[in-house]
Amino acid sequence: MKIQSICCIGAGYVGGPTMAVIAKKCPDIKVTVVDINEARIAAWNDEDVEKIPVYEPGLPEVVAEARGRNLFFSTDVDKAIDEAQMIFISVNTPTKTYGEGKGQAADLKWIELCARQIARVAKGEKIVVEKSTLPVRTASTLKDILKHTGNGMNFQILSNPEFLAEGTAVDDLMAPDRVLIGGDQSEEGLKAINALVEVYARWVPKERILTTNVWSSELSKLTANAFLAQRVSSINSLSELCEHTEADVNEVSRAIGTDSRIGPKFLKASVGFGGSCFQKDILNLVYISRSYGLDEVADYWEQVIIMNDHQKKRFAKKVIRNLYNTVSGKKIAFLGWAFKKDTNDTRESAAIYVADHLLNEQSKVSVYDPKVTEQQIYSDLDYLGSRSSEENKASLSVGSDPYKVCEGAHAIAVLTEWDEFKTYDWKRIYDNMLKPAHVFDGRNIMDKKALKEIGFQVHSIGTADDN
Ligand code: NAI
């Protein structure tokens, strides 16, 4: 089957960029991205491409090229399902917040709703593609729902997990390390796999398109995220040991990263990983393992999360300790709220948890982030439920001028590695702060020596304080 029309359900951080790149690379395929969130679709359709709802370097240009030509954003889900030969499901699959598996299992209610909608609407031949990250064996649930369609639909289910990283999504999609496609190993299944292979093969070298059975593909995505997060927690665990032994975690990372078996990437110590995926996917892996009675496997992966939580808490405690064990009434300026640079996504950002800890100690927090809105910051804090919305508003402020945000502060905490932070006039910032003026560099991006020469007390992750 040669694919000429694609629909993607879910216009989020994955659905939007992924489909924009498919549309750019395959101008003859009609790509329609649908979502029930009207405001989000309206933003994707905004005349000013800089206002699309996902901030990613290079994305406005891709959308500008394809939108209206063969890329469309719509809220008419039924119509898009009906028209498409291939339907990607790219909806959210967050950790369950209620009932059985609360706090660990993936909440699949949005996936199930999509499947039911497809079952209700679709006719003829369809290929349904799992783009969302899903627990291994979800395809069998989808199959169960789809086969009760009543419309005589003939369908195949593929798993095509997305490996893009936010902040570099466009580059990752244009030149992926690999594309993974899992499907049924029957003749029909292999045909469906091949149809999707041919879409990607327009711009991805064939040797980078891996095909597997559907279960391996589903599990590989969870595994990839678990391995990546595990590297961060591993180096972060050693950062604490470094702070006690005068070893320097940056030197240790370099020393081990040059071993080609280990490799240099994902070995940077920090205040802890965030993002919508790592924690949720590991918790999901832990839950699945436990549900098969594999307690040792579950415990092993759970430790990655325990270490990450510890790292965030440890950072907040270090701020408090260095401010003479009390931050009550003291202003602490946050540079960065996004979970990493070059994205406006804040889900599970370390900044949220560090702020929560400091607010519990009655600190006054003021935040500057180049891409995150004030509304998002308050909504992240309110979501934790630690304080009322009014209390959060009273204790935390958000500013659009980093110099003002730092004015009168006892300390600055660098929570996101935005490049612009390195280029500020740090002497000017120092002059307007209370003394001693502290910088807590949660990302190890600052020029420690230069800051110390200005007069700052600088605290990094994984090196002993020598102020
Ligand atoms: P998101 O929350 O940004 O977007 C999901 C969208 O789906 C929302 O706009 C929501 O309104 C929409 N939606 C939910 N149910 C719907 C329905 N029944 N009909 C139409 N639209 C519906 O989520 P994001 O970040 O795009 O993630 C999607 C999936 O991709 C998740 O499973 C995630 O684990 C996975 N993933 C995410 C990555 C990331 O970097 N954010 C990377 C790789 C995978």
Side-chain angles (χ1 to χ4, degrees), residues 7-21 32-44 52-56 59 73-81 84 87-96 105-121 128-136 138 142 145 159-173 176-180 217-218 220-226 228-229 273-285 338-340 342-349 376 379:
C7 136
C8 173
I9 308 179
Y13 283 88
V14 168
T18 314
M19 292 302 129
V21 169
T32 308
V33 191
V34 290
D35 205 295
I36 41 177
N37 182 334
E38 287 178 13
R40 212 165 202 184
I41 290 298
W44 279 112
I52 54 176
V54 170
Y55 173 74
E56 278 292 340
L59 186 58
F73 294 93
S74 160
T75 50
D76 194 342
V77 184
D78 280 1
K79 179 161 176 267
I81 292 173
I87 303 162
F88 285 79
I89 302 181
S90 185
V91 301
N92 34 322
T93 51
T95 306
K96 262 186 102 176
D107 193 342
L108 297 182
K109 72 177 170 207
W110 292 277
I111 292 286
E112 186 173 332
L113 279 172
C114 284
R116 289 186 185 279
Q117 190 158 7
I118 296 169
R120 185 167 52 76
V121 175
V128 176
V129 186
E130 300 174 343
K131 182 53 106 179
S132 295
T133 302
L134 296 169
V136 55
T138 304
L142 290 182
I145 295 171
S159 159
N160 171 221
E162 185 47 60
F163 294 103
L164 69 78
E166 285 177 35
T168 52
V170 173
D171 287 347
D172 295 345
L173 289 163
D177 286 345
R178 79 320 207 169
V179 167
L180 179 59
S217 173
E218 286 179 339
S220 296
K221 175 63 194 178
L222 294 182
T223 308
N225 276 352
L228 290 169
F273 60 76
S276 67
C277 293
F278 284 1
Q279 173 161 316
K280 135 179 117 59
D281 293 348
I282 293 180
L283 289 171
N284 189 211
L285 196 59
F339 86 92
K340 67 191 287 200
D342 292 338
T343 177
N344 59 346
D345 195 350
T346 61
R347 289 175 289 183
E348 292 301 330
S349 178
Q376 184 63 47
S379 128

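Both counts, for ligands and for their atoms, begin at 1 and track the order of listing. Every heavy atom of this structure was used, including side-chain atoms; hydrogens, water molecules and symmetry mates were not.
- Between atom NZ of residue K131 and atom SG of residue C8 there is a gap of 8.5 Å, rounded to the nearest 0.5 Å.
- Within the structure, the closest approach of Q117 to ligand 1 does not fall below 4.0 Å when heavy atoms are considered.
- No N or O atom of E162 sits closer than 3.5 Å to an N or O atom of ligand 1.
- If you check the side chains of Y13 and N344, you find a donor sitting under 3.5 Å from an acceptor.
- For the side-chain contact (heavy atoms from CB on, under 4.5 Å) test with I9, the passing option among D35, V128, T32, I81 is I81; the others fail.
- Using a 4.0 Å cut-off between a side-chain N of Lys or Arg and a carboxylate O of Asp or Glu, E166 and R347 qualify as a salt bridge.
- Judged purely by atom type and a 3.5 angstrom limit, D345 has no side-chain atom pairing as donor or acceptor with the backbone of A338.
- Using a 4.0 Å cut-off between heavy atoms, R347 contacts ligand 1 through its side chain alone, with no backbone atom that close.
- Under 4.0 Å from ligand 1, the heavy atoms of C277 that appear belong solely to its side chain.
- Remark: minimum distance from atom 4 (O) of ligand 1 to any protein heavy atom is reached at G12 CA, 3.3 Å.
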Trace of the side chain to side chain contact (heavy atoms under 4.5 Å, CB included) decision for R178 with F163: CA-CA 8 Å; R178 79 320 207 169; F163 294 103; 3.4 Å; yes
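- Protein heavy atom closest to atom 20 (C) of ligand 1, with residue, atom name and distance, is I9 CG2, 3.3 Å.
- Atom OG1 of T223 sits about 10.5 Å away from atom CG of L228, to the nearest 0.5 Å.
- At the shortest separation from atom 41 (N) of ligand 1 among protein heavy atoms lies E166 OE2, 2.6 Å.
- By the 3.5 Å distance cut-off applied to N or O atoms, T93 is counted among the residues near ligand 1.
- Closest heavy-atom approach to atom 28 (C) of ligand 1 among the candidates N37, I36, V91: V91.
- With a 4.0 Å heavy-atom cut-off, ligand 1 is reached by the backbone of V14 and by its side chain too.
- Here the heavy atom of the protein found nearest to atom 15 (N) of ligand 1 is W110 CD1, 3.4 Å.
- Shortest contact from atom 35 (C) of ligand 1 to any protein heavy atom: T133 OG1, 3.5 Å.
- Taking distance alone, with nitrogen or oxygen atoms compared against 3.5 Å, R40 approaches ligand 1 more closely than that limit.
- Ring pair F73/W44 is parallel by interplanar angle, where below 30° counts as parallel and above 60° as perpendicular.
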Could you go through N160 and V179, starting from their C-alpha distance and side-chain angles, then the distance that decides it, and tell me whether this counts as side chain to side chain contact (heavy atoms under 4.5 Å, CB included)? CA-CA 8 Å; N160 171 221; V179 167; 3.8 Å; yes
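- Of the protein's non-hydrogen atoms, K280 NZ, 3.8 Å is the one closest to atom 33 (C) of ligand 1.
- Counting atoms of ligand 1 from 1 in the listed order, those under 4.0 Å from a heavy atom of Y13 are 3 (O), 24 (P), 25 (O), 26 (O), 41 (N).
- Interatomic distance, C7 SG to D78 CG, rounded to the nearest 0.5 Å: 10.0 Å.
- With respect to atom 18 (N) of ligand 1, the closest heavy atom belonging to the protein is C114 SG, 3.8 Å.
- Heavy-atom proximity to S90, at under 4.0 Å, picks out these atoms of ligand 1: 5 (C), 28 (C).
- Residue contacts with ligand 1 for P161 are absent, since no atom lies close enough (heavy atoms, distance under 4.0 Å).
- For the residue pair V54 and P17, the shortest heavy atom distance occurs at CG1-CG, 4.3 Å.
- When each of T93, I111, L142, I89 is tested with E130 by the rule side-chain contact (heavy atoms from CB on, under 4.5 Å), just one qualifies, namely L142.
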Where do E162 and L173 land on the side chain to side chain contact (heavy atoms under 4.5 Å, CB included) test, with the steps shown first? CA-CA 9 Å; E162 185 47 60; L173 289 163; 3.6 Å; yes
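- From the protein, the heavy atom lying nearest to atom 14 (C) of ligand 1 is N92 OD1, 3.2 Å.
- Remark: ligand 1 atoms within the under-4.0 Å shell around heavy atoms of S276 are 41 (N).
- Closest to atom 9 (O) of ligand 1 by heavy atom, among D35, I41, V33, is D35.
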